[in-house]
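Positions are given from 1, in the same order as the sequence printed here. Computed from heavy atoms alone, side chains included, the values below leave out hydrogens, waters and symmetry copies. Remember, it's a predicted structure, so these values are computed and weren't measured experimentally.
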Amino acid sequence: MTDRTIAGVQPGGEAEAGRPRRPAWLKAAVGAFLAFELVAAAVLLGGKDRTDGTAPPAPRPAAARPRAEAPRADAVRERADAVRRLLDTRARAITRRDRHTFARTLDRTRPRFVQSQLAMFDALAAVPVSAWHYDLHDDGDVTPTTYGVEAWAPRVTLRYRLTGFDDEPPAVPQFFTFTRRDGGWVTASDSDYDTDPHRRTGRELWDFGPVAVARGSRSLVLGRPGQATLLRDVARLADAAVPRVTKVWGTRWSQRVVILVPSSQREVSRILGDDTDLSRIAAVAVAELPGDTGERAVGNRIIVNPQTFRRLGTNGRRVVLTHETAHVATRDASRPGIPTWLVEGFADYVGYLGTGLSPRAICQELAADVRAGRAPVNLPADDAFSGANDHLAQAYESSWLAVRMIAERVGEQGLVRFYDAAGRDGAETAMREALGTTPDTFVRAWRNYLRTTLG
């Protein structure tokens, strides 16, 4: 089982005097963030929402119930083998760009579904796909009864690779309904169970329309044909962000990024499976995390919210994409248990490097609190990065200053060693082993650093 990890960025709008704005964080939803014009954060999400606006009205789980009598074992094997062959044919048709064969895998009695699937097939034309495969998980017997013929809705996983960027294929949940027609098994729907978050088909950019591609030396940007200028700008900024991140983090990551630029905020919401207001989100970083298995994260993507991103100036775009690229680089080291203040503080630290902004310019809200005698007593807890926190900006600013203090005292290599140790052993142990201090001593030093830097 994988977790969907997401990091988001939000602008608060550029002030006339270049006043930095600061980030926000959401858990189990997408976070919004403020920075120079913004910054980002990492959150855990589980899955994506349906995005097929052309899909027909479909049977719902209430009408799609398990049969009273289970099919015979040989019939179950026969059905699974037939559907597996169908999925293999579908996958080969996509990789070989064989539209006729792909169309033959669809249920012709479902014209709106056929139309949406052929549109998806056409949208993939420019996408550099090197592999496409479906895993059938024959672990259930959900047999919809509203199709009038034998139907089956098993769990399926799509695994695909983008050429030159996916060392390992991401895993995208697919919940097709297959029907048995005169010519054999065909695909009739992929949205019958979207009201159930545990049986919701994951969506990708090509589910919404034609995809255009911009290539950088270290980046692959997928967007829409009408966004050529924006896609080239994003590729240029991403190419510049990669060496900035590598200079601090080192070369032990792919040093490549895939960036998606949907055409609207609505598309961003549906790809992420998040129905909340994302109007302040400029970008999010997502990945499939394998949990505690020791495997590496796969499917690292940065998703840009085009309307919000366009409102940023050059420096704001630079900070956002560098911050998100830092999340991509550190993903494997950001294991469960690593404190959020370190994950977000590090991404902020890398994002702000070279911008020329002073701590007081970056930390205006926190600086005001320090001058008023309201300096924080402890490092921000993980729940301080909730979007409900009225002092969210201070949480991010406090985290950035904590990481900046570490870098000043032990150097950037020492900072990276601390990050690794915190992800492996927890922050408390890492402070003792990598920084030679205790948590209490570290917090006292950080509080003093706040006062001397912002007071």
Side-chain angles (χ1 to χ4, degrees), residues 9-26 31-41 280 315-316 319-320 323 326 338-412 414-415 418-419 422 427-428 430-431 435 437-455:
V9 184
Q10 140 198 339
E14 275 186 69
E16 294 181 359
R19 182 177 187 271
R21 304 302 300 259
R22 294 298 307 162
W25 161 288
L26 282 163
F33 311 92
L34 305 141
F36 172 175
E37 290 134 321
L38 38 139
V39 203
R280 302 178 70 193
N315 278 328
V319 169
V320 168
H323 183 116
I338 190 170
T340 302
W341 69 261
L342 179 55
V343 174
E344 295 310 318
F346 182 88
D348 271 2
Y349 174 79
V350 179
Y352 281 121
L353 284 175
T355 62
L357 289 170
S358 69
R360 291 186 182 182
I362 292 170
C363 303
Q364 292 188 13
E365 287 84 355
L366 183 60
D369 284 352
V370 171
R371 288 193 298 269
R374 298 191 302 269
V377 175
N378 293 304
L379 289 163
D382 287 353
D383 60 7
F385 295 86
S386 164
N389 182 9
D390 292 335
H391 301 285
L392 187 58
Q394 289 90 327
Y396 272 85
E397 293 164 2
S398 297
S399 301
W400 174 71
L401 281 172
V403 172
R404 184 175 185 265
M405 180 186 76
I406 295 170
E408 286 183 357
R409 299 191 177 186
V410 299
E412 289 180 349
L415 169 62
F418 171 66
Y419 196 109
E428 183 172 334
M431 285 179 184
L435 301 182
T437 188
T438 66
D440 288 343
T441 302
F442 180 86
V443 168
R444 285 196 297 270
W446 164 75
R447 291 178 63 190
N448 185 60
Y449 186 76
L450 296 185
R451 296 187 187 95
T452 57
T453 304
L454 302 178

Exercise for the section: Measure the shortest side-chain to side-chain distance between Glu408 and Tyr449 over non-hydrogen atoms and say whether it is less than 4.5 angstrom. Expected result: yes
Practice task
Find out whether Leu454 and Glu397 are in side-chain contact, i.e. whether some heavy atom of one side chain is under 4.5 Å from a heavy atom of the other.
Solution key: no
Completion exercise
In this structure, CD1 of Ile406 is separated from CG of Leu415 (nearest 0.5 Å) by 6.0 Å
Exercise for the section: Quick one: do His323 and Glu344 satisfy side chain to side chain donor-acceptor pair (under 3.5 Å)? Show the steps, please. Expected result: CA-CA 9 Å; His323 183 116; Glu344 295 310 318; 3.3 Å; yes
Practice task
Look up atom CD1 in Ile362 and atom CG in Asp348, then write down how far apart they are to the nearest 0.5 Å.
Solution key: 8.5 Å
Problem - side-chain contact (heavy atoms from CB on, under 4.5 Å) against Ser398, all qualifying residues, sequence neighbours excluded - result: Leu366, Pro376, Pro380, Trp446
Exercise for the section: Measure across Ala384 and Ala395 and return the closest heavy-atom pair with its distance rounded to 0.1 Å. Expected result: O-CB, 3.9 Å
Practice task
Specify the closest pair of heavy atoms between Ala326 and Val350, including all atoms of both residues, with the distance to one decimal.
Solution key: CB-CB, 4.3 Å
Exercise for the section: Answer whether the closest heavy-atom distance between the side chains of Val343 and Ile338 falls below 4.5 Å. Expected result: yes
Practice task
Would you please test Thr438 and Met431 for side-chain contact (heavy atoms from CB on, under 4.5 Å) and show each step?
Solution key: CA-CA 6 Å; Thr438 66; Met431 285 179 184; over 6 Å; no
Completion exercise
Hits for salt bridge (charged side-chain N to carboxylate O under 4.0 Å, His left out) against Arg374, two or more places apart or cross-chain, chain-then-number order -> Asp369
Fill in the blank from the handout: Value for CD (Gln394) from CG (Leu450), rounded to nearest 0.5 Å, stands at 11.5 Å
Practice task
Search all heavy atoms of Glu428 against all heavy atoms of Pro439 and return the closest pair with its distance.
Solution key: CG-CG, 3.4 Å
Completion exercise
Between Trp341 and Phe418, the two heavy atoms sitting closest are CH2-CE2, 4.0 Å
Practice task
Of all the heavy-atom pairs spanning Ala361 and Leu357, show the shortest one and how long it is.
Solution key: CB-CD2, 4.3 Å
Exercise for the section: Return the minimal non-hydrogen interatomic distance between Val370 and Arg451, and the atom names on each side. Expected result: CG1-CA, 4.0 Å
Problem - Non-hydrogen side-chain atoms of Phe442 and Leu379 separated by less than 4.5 Å - result: yes
